[in-house]
Visitor: 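Here it is, the structure in full.
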Amino acid sequence: ETLLETLPPGTKVYETLTLRDIKKNGPKKGKPKVRVVVKKGPSDVESHSPTIQMSTLRLLLAMAAAKKAKVKGGDFPQAYLNAEQEVYYVYPPKTSRQYDEQGRRIVWALPKALYGGRASGRHWYFTLRKQLLADGFVVSEWDPCLFIKTDKDGNFHYIGVYVDDLIHVYSDEAAYQATVDKFAKVFHGYTDLGTLTEIFNAEVAVTEQSITLTQTRYVDALIEKFLDAESHAKVYTPAESDLLQWVMAAADGTALSAEDHVRYREIVGAILYIATVCRPDISIAVGLLSRALEHPTAKCLEAAKRVLNYLRCTREIGLRWMVGADLQLRGMSDSDWAVVKSTSGYIFMLAQAAIAYISKKQVSIAMSSTESEIMAASLASLEAVFLRGILAELDALQREPTVIGIDNQGAIALSKNYVSNSRTKHIERRHLKIRELVEELKVKPEFLPTDDNPADMMTKPLGKAKFEKFRRFVLNHGA
């Protein structure tokens with residue numbers, strides 16, 4: 001505590017609040033939590049704070065399965081309070097003393113970050129990073145939230161950081177325990193959560209045969225919030241084949257009421273999160289629905305609820321990586337050449353399930369199917385470089401070029417040859433990056449028939465038989 005009147009003229013003092021909530025997950029689930037937060041905090045500082053990429057997280061889980069490693073979770077309940085930063089001043093929350101005995105205004109001088117501050121996450125990241133580097137870890141060159149430690153005996157310890165949650169993948173129990181013991185000494189309140197069971201509102205199941213990532217509880221919560229009993233008819237695919245036409249016609253259709261418009265945006269945002277974490281099978285449906293966010297129609301809302309209903313019917317499905325599987329990275333790409341801007345899709349597999357995938361609207365109109373396919377393949381090749389880089393750091397060097405399956409012979413030829421004619425000379429250079437990567441032996445385009453290309457489900461809604469075939473392969477969920 002200090003007195004407001006003692007501060008130099010012009011010193012900024014920030015407001016604070018006391019927030020009360022119930023712990024929603026973890027070992028303390030159901031218990032009340034109280035947190036003092038600052039409103040914005042100092043704004044004249046850098047505020048960017050990295051978090052682990054989802055593809056890196058999935059890669060870590062796949063590596064844990066393939067290497068038969070242990071997987072544990074860790075949590076810092078009061079992470080930001082451990083973060084050091086320059087002293088700043090705040091008014092105490094209303095639940096604390098506001099004035100001293102003489103009636104003078106009290107302020108707090110804080111050398112630590114508070115939740116709510118613009119730069120609190122950044123200060124916490126660098127505080128944790130400093131401790132990990134001091135403990136012998138190195139920061140991945142590809143993902144700043146992946147920390148790696150190995151020794152001469154071949155033991156390894158990988159840590160993925162998502163704000164105040166840690167994912168440990170390691171081989172030696174004694175070395176792991178030494179690391180978490182240091183955490184407990186240096187940081188207030190560090191909790192070893194044991195074998196990883198949940199992360200990012202998702203469930204992790206670690207067995208002797210596999211590691212599975214699902215979002216069953218999150219799906220159940222969405223169903224309870226957004227679906228009524230009449231919407232519970234069984235469906236086998238997340239979208240009907242004419243979803244794109246509905247979305248394209250939305251701008252000229254009858255708009256939803258303000259209430260239903262908000263509801264539509266909530267549903268799309270929620271299922272987008274599910275697609276991002278562990279359900280590539282709904283990616284194309286979510287991507288198309290996202291294109292109608294500004295002017296959705298009743299048909300669009302019906303389609304969004306269908307995706308939720310599909311998730312209800314497949315609520316226990318998720319990505320499943322097999323223990324002891326090989327660590328050969330393989331990818332496939334595809335595109336849906338349309339009159340409007342096409343959709344690029346790719347999938348990369350490791351340990352028998354997907355670790356990276358995308359369904360993305362292309363940035364320009366393709367003049368041919370070959371152009372559309374080369375745009376998708378180049379996008380996939382960039383992801384391949386990223387994944388190969390991380391795998392090399394994790395002692396899983398890809399000694400051969402990563403195969404990318406493509407179902408268009410023209411695109412394959414264009415990726416290997418410097419062709420310039422009336423049908424190709426206009427293609428932007430960035431869409432031909434794959435040529436350079438082919439020459440550097442980092443990727444290798446190979447023909448993959450459309451009927452055997454799982455990336456097809458990332459570009460368009462498919463029929464039941466073909467969709468379920470690709471879903472089984474990509475998610476590795478069995479029958």
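What you see is a predicted model, and the numbers here were worked out from it, not measured in a lab.
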Visitor: With no hydrogens and no angle check, just 3.5 Å: does a side-chain donor-acceptor pair link Glu173 and Tyr170?
Guide: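 A pair is found: one side chain offers a donor N or O, the other an acceptor, under 3.5 Å apart.
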
Visitor: Quick one: does Gln362's side chain have a donor or acceptor within less than 3.5 Å of a partner on Lys360's backbone?
Guide: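 No; zero donor-acceptor contacts below 3.5 Å.
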
Visitor: For Phe386, does the CZ atom sit with more than 12 other heavy atoms under 6.0 Å from it, leaving out its own atoms?
Guide: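 Counting neighbours around CZ of Phe386, more than 12 heavy atoms of other residues, nucleotides or ligands fall under 6.0 Å, so yes.
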
Visitor: What is the minimum heavy-atom distance between Leu3 and Thr6, and which atoms define it?
Guide: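 Closest approach of Leu3 to Thr6, heavy atoms only: O-OG1, 2.6 Å.
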
Visitor: Taking all non-hydrogen atoms of both residues, which atom of Val169 and which atom of Ala69 are closest, and how far apart?
Guide: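 Scanning both residues, the minimum pair turns out to be CG1-CB, 3.9 Å.
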
Visitor: Is a side-chain N or O of Ser359 found less than 3.5 angstrom from the main chain of Gly345, in a donor-acceptor match?
Guide: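 Between the backbone of Gly345 and the side chain of Ser359 there is no qualifying donor-acceptor contact (under 3.5 Å).
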
Visitor: Distance check, rounded to the nearest 0.5 Å: Leu319 atom CG versus Leu213 atom CG?
Guide: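 The distance works out to 6.0 Å.
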
Visitor: Where does the angle between the aromatic ring planes of Tyr88 and Tyr14 fall among parallel (under 30°), tilted (30 to 60°) and perpendicular (over 60°)?
Guide: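 Tyr88 and Tyr14: perpendicular rings.
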
Visitor: Should the ring pair Phe187 and Phe183 be called parallel, tilted or perpendicular, given that the plane angle runs from 0 to 90° and is split at 30 and 60?
Guide: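 Phe187 and Phe183: tilted rings.
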
Visitor: Indicate the atoms forming the closest heavy-atom contact of Ala202 with Gln215, along with that distance.
Guide: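 Heavy atoms only, the tightest pair is CB-CG, 3.6 Å.
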
Visitor: Going through the checks in order, is the salt bridge (charged side-chain N to carboxylate O under 4.0 Å, His left out) test met by Arg312 and Glu224?
Guide: CA-CA 10 Å; Arg312 179 189 66 83; Glu224 183 179 351; over 6 Å; no

Visitor: Can you see which heavy atom on Cys278 is nearest to which on Leu475, and at what distance?
Guide: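 For Cys278 versus Leu475, the nearest heavy atoms are O-CD2, 4.5 Å.
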
Visitor: Is the number of heavy atoms from other residues, nucleotides or ligands within 6.0 Å of CD (Glu5) greater than 12?
Guide: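 Counting other residues, nucleotides and ligands, CD of Glu5 exceeds 12 neighbours.
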
Visitor: For His188, look at atom NE2 and say whether over 12 heavy atoms of other residues, nucleotides or ligands are found less than 6.0 Å away.
Guide: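 Atom NE2 in His188 is not crowded, with 12 or fewer foreign heavy atoms closer than 6.0 Å.
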
Visitor: Can you measure from CD (Glu302) to CG (Leu243) and round to the nearest 0.5 angstrom?
Guide: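 Rounded to the nearest 0.5 Å, the CD-CG separation comes out at 10.5 Å.
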
Visitor: Over 60° means perpendicular and under 30° means parallel, so classify the ring planes of Tyr125 and Phe147, tilted if in between.
Guide: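 Aromatic pair Phe147/Tyr125 classed tilted.
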
Visitor: Do Tyr190 and Asn82 pair up side chain to side chain, a donor and an acceptor below 3.5 Å, judged on atom types alone?
Guide: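 The criterion, which ignores hydrogens and geometry beyond distance, is not satisfied for Asn82 and Tyr190.
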
Visitor: Determine yes or no for a side-chain-to-main-chain donor-acceptor pair under 3.5 angstrom, with Arg320 supplying the side chain and His477 the backbone.
Guide: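 No; zero donor-acceptor contacts below 3.5 Å.
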
Visitor: Taking Ala396's backbone N and O only, do any of them form a donor-acceptor pair with Gln398's side chain (distance below 3.5 Å, no angle check)?
Guide: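 Judged by distance alone, yes, a pair lies under 3.5 Å.
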
Visitor: Looking at Glu440, I'd like to know if its CD atom is crowded, meaning that more than 12 non-hydrogen atoms belonging to other residues, nucleotides or ligands lie closer than 6.0 Å.
Guide: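 Counting other residues, nucleotides and ligands, CD of Glu440 exceeds 12 neighbours.
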
Visitor: Count the heavy atoms belonging to other residues, nucleotides or ligands that lie under 6.0 Å from CD of Gln98, then report whether that count exceeds 12.
Guide: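 More than 12 heavy atoms, drawn from other residues, nucleotides or ligands, come within 6.0 Å of this atom.
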
Visitor: Would you say the side-chain atoms of Tyr89 pair up with the backbone N or O of Leu7, donor to acceptor, closer than 3.5 Å?
Guide: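 Judged by distance alone, no pair lies under 3.5 Å.
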
Visitor: Should we count CD of Glu259 as having more than 12 external heavy atoms under 6.0 Å?
Guide: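 Atom CD in Glu259 is not packed in, count stays at 12 or less.
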
